[in-house]
Amino acid sequence: MEDGRSPGPRICEGDCAVLKRDDVFKAVPVLRRRKIIFEKQWFYLDNAIGHIYGTTFEVTSGGNLQPKQEVEETTTETKEAGTDNRNIVDDGKSQKLTHDDIKALKDKGIKGQEIVQQLIENSTTFRDKTEFAQDKYIKKKKKKYEAVITIVKPSTRILSTMYYAREPGKINHLRYDTLAQMLTLGNIRAGNKMIVMETCAGLVLGAVMERMGGYGSIIQMYPGGGPVRAATSCFGFPKLFFDNLHEFPLSKVDSLLSGTFSTETLPSEPEDNALLEEESNGLTDEKQTSLQEAEEESAAEAAMEISQTEEQETMDINAEDVEFKENKEKENKENVREKQRKQWERRKKLIETAALLREKNADGLIVASKFHPTPLLLSLLEFVAPSRPFVVYCQYKEPLLECYTKLRERGGVINLKLSETWLRNYQVLPDRSHPKLTMSGGGGYLLSGTTVVLDKGKSDSSSLEALKMEEPSSKRCKVQDLHC
């Protein structure tokens with residue numbers, strides 16, 4: 001490039017990209033001849049492949065994308081402006097172009113920028129508006145008639161903004177600034193060994209993976225049958241990032257802490273099962289062959305009364321049936337072996353993850369789930385090394401207040417802090433910068449702290465001292481007088 005900077009990453013087939021139009025985002029896979037619907041526009045991403053991320057495209061006829069050419073806007077028509085809008089009446093009669101006229105312009109293939117220019121020329125009140133009102137009018141019409149989208153590379157900021165705007169319930173109403181606070185308070189960095197427990201569709205997990213950059217290890221604790229990583233897949237991480245990603249079910253945490261953890265419920269090694277399966281398949285093969293012989297004998301007896309050509313046809317059909325059954329049996333055997341292999345790999349990974357947790361030297365803990373945080377935190381803190389940070393997110397503060405109290409009683413933690421972030425967006429424009437009228441009502445609450453060595457011998461005495469300190473001063477004085 002002329003300025004010496006290298007171009008950014010390019011859009012490739014199979015990537016996960018994010019479509020952007022103003023403040024609206026949508027994550028989509030980049031595939032050829034796949035129809036995409038975004039903001040009432042449909043198009044294909046075929047022509048976007050090979051361009052640099054961040055390129056702005058214009059939707060043309062047939063749903064094709066073309067890079068938008070930067071054209072200097074002519075301001076000759078918009079120089080004339082009124083002093084105020086007091087004489088403008090919104091009666092719907094100021095625009096000469098009708099809906100049919102605008103539709104006819106679209107059918108002719110006229111671009112959105114030219115349609116906006118014609119709307120300005122056919123508006124009887126445009127020149128009477130103030131300069132600010134004219135800019136607002138142009139912006140509004142461009143948004144409606146200009147089919148322009150920008151394709152950007154996924155990131156934590158973009159995906160968290162997208163989820164919070166489109167589907168906040170799936171991420172437990174975790175706002176993007178609160179997520180940024182979690183990553184900072186949790187000291188997420190490359191080389192860490194992190195424990196992540198979240199039910200935010202994999203958004204928090206993806207944010208931690210992006211911050212660590214593929215270095216270190218992550219143990220994801222999950223409820224139910226398996227982890228949910230819908231948002232994680234939108235990041236488009238390379239395969240290397242998933243090599244050090246482990247998973248462990250919450251249902252087995254108690255057994256791991258008590259020392260009764262086992263994997264007996266999972267299937268044994270695939271070799272043993274494969275041999276048993278082959279033996280059973282051999283018995284079924286004998287039964288099927290005997291049935292086939294009986295069928296052939298009955299067919300031969302019936303064929304005595306039919307011509308030679310018909311006999312040949314029935315033999316061909318029987319041969320095809322036998323071949324079809326053999327192929328089906330082979331497919332079933334392969335499917336069974338593949339299933340057993342996957343189950344064995346899952347069992348092996350589970351044992352490896354349990355060994356990592358038994359070391360109890362995790363560098364941090366992140367919790368952001370729909371469950372009550374107290375039992376989760378008290379059990380998962382056992383796997384965290386001393387002098388390490390932990391962060392708990394909850395949409396409501398009452399569960400975190402209970403968690404705060406339990407931790408103070410238990411001990412083993414310092415610097416406990418319950419916080420809420422406050423966010424307000426501002427419009428920044430010449431001579432009209434001000435806070436936006438609409439703002440977020442709340443982004444959830446965070447409980448953060450640092451682990452220390454828990455001396456179980458002194459925990460009982462410290463709890464008694466804490467109870468004494470909570471007594472009223474008058475009562476403490478009376479007790480002291482009695483002892484004297």
Any donor and acceptor pair, going by atom type alone, linking the side chain of [X] with main-chain N or O of [Y] inside 3.5 Å?
X: K153; Y: S155; answer: no
X: S387; Y: V452; answer: no
X: T451; Y: A385; answer: yes
X: E198; Y: L205; answer: yes
X: T178; Y: G443; answer: yes
X: N415; Y: G449; answer: no

Heavy-atom count around [X] [atom1] within 6.0 Å, excluding the residue itself: above 12?
X: K26; atom1: NZ; value: yes
X: L437; atom1: CG; value: no
X: D243; atom1: CG; value: yes

Do [X] and [Y] have side chains that get closer than 4.5 Å, going by heavy atoms?
X: M209; Y: L245; answer: yes
X: R34; Y: P29; answer: yes
X: F242; Y: F237; answer: yes
X: F371; Y: M197; answer: yes
X: L356; Y: F383; answer: no
X: L380; Y: L377; answer: no
X: F390; Y: V413; answer: yes
X: S255; Y: K252; answer: yes

Interatomic spacing from [atom1] in [X] to [atom2] in [Y] - rounded to 0.5 Å:
X: L378; Y: E409; atom1: CG; atom2: CD; result: 10.0 Å
X: I36; Y: Q41; atom1: CD1; atom2: CD; result: 13.5 Å
X: T232; Y: L203; atom1: OG1; atom2: CG; result: 8.0 Å
X: I219; Y: I195; atom1: CD1; atom2: CD1; result: 5.0 Å
X: I151; Y: L65; atom1: CD1; atom2: CG; result: 6.0 Å
X: S419; Y: L447; atom1: OG; atom2: CG; result: 8.5 Å

Could I get the full list of side-chain hydrogen bond (donor to acceptor under 3.5 Å, both in side chains) partners for [X], not counting sequence neighbours?
X: N47; answer: none
X: E398; answer: none
X: T156; answer: E210

May I have the step-by-step check of side-chain contact (heavy atoms from CB on, under 4.5 Å) for V392 and L446, ending in yes or no?
CA-CA 6 Å; V392 186; L446 293 178; over 6 Å; no
Less than 4.0 Å between a side-chain N and a carboxylate O, is that true for [Y] and [X]?
X: K193; Y: E359; value: yes
X: R410; Y: E382; value: yes
X: E420; Y: K397; value: no
X: R341; Y: E338; value: yes

Please determine if R33 forms a cation-pi arrangement with Y44, meaning its NZ or CZ atom is less than 6.0 Å from the six-membered ring centre and no more than 45° off the ring axis.
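Output yes; distance and angle both within limits.
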Working note: T199 + V228, criterion side-chain contact (heavy atoms from CB on, under 4.5 Å); need CA distance, chi angles, decisive distance, verdict.
CA-CA 8 Å; T199 57; V228 179; over 6 Å; no
What are the two closest heavy atoms between [X] and [Y], and how far apart are they?
X: G50; Y: R10; result: O-NH1, 2.9 Å
X: H51; Y: T55; result: CB-OG1, 4.1 Å
X: P67; Y: F57; result: N-CD2, 3.7 Å
X: L365; Y: M194; result: N-CE, 3.9 Å
X: N172; Y: C200; result: ND2-SG, 3.6 Å
X: L45; Y: L31; result: CB-O, 4.4 Å

Return all side-chain donor-acceptor pairs below 3.5 angstrom for residues 179-189, not counting sequence neighbours, or 'none' if the list is empty.
unit_1, atom_1, unit_2, atom_2, d
T184, OG1, A180, O, 3.0

Not counting sequence neighbours, list each pair that qualifies as a side chain to side chain donor-acceptor pair (under 3.5 Å) and has a residue in residues 212-223.
Q220-R229
Any pair counted as side chain to side chain donor-acceptor pair (under 3.5 Å), so long as it reaches residues 363-381, sequence neighbours left out
D363-R388, H372-T374, H372-E402
Evaluation steps, side-chain contact (heavy atoms from CB on, under 4.5 Å), between F38 and F43
CA-CA 8 Å; F38 177 58; F43 48 86; 4.0 Å; yes
Does either side chain, that of D15 or that of Y53, offer a donor lying less than 3.5 Å from an acceptor on the other one?
yes
Before you tell me yes or no, could you show the steps for H173 and Y164 under ring pair (Phe, Tyr, Trp, His ring centres under 6.0 Å), namely the whole-Å CA-CA distance, both residues' side-chain angles and the distance that decides it to 0.1 Å?
CA-CA 7 Å; H173 295 265; Y164 190 76; 7.0 Å; no
Full working for side-chain contact (heavy atoms from CB on, under 4.5 Å) between R32 and E13:
CA-CA 7 Å; R32 295 185 183 273; E13 186 176 2; 3.2 Å; yes
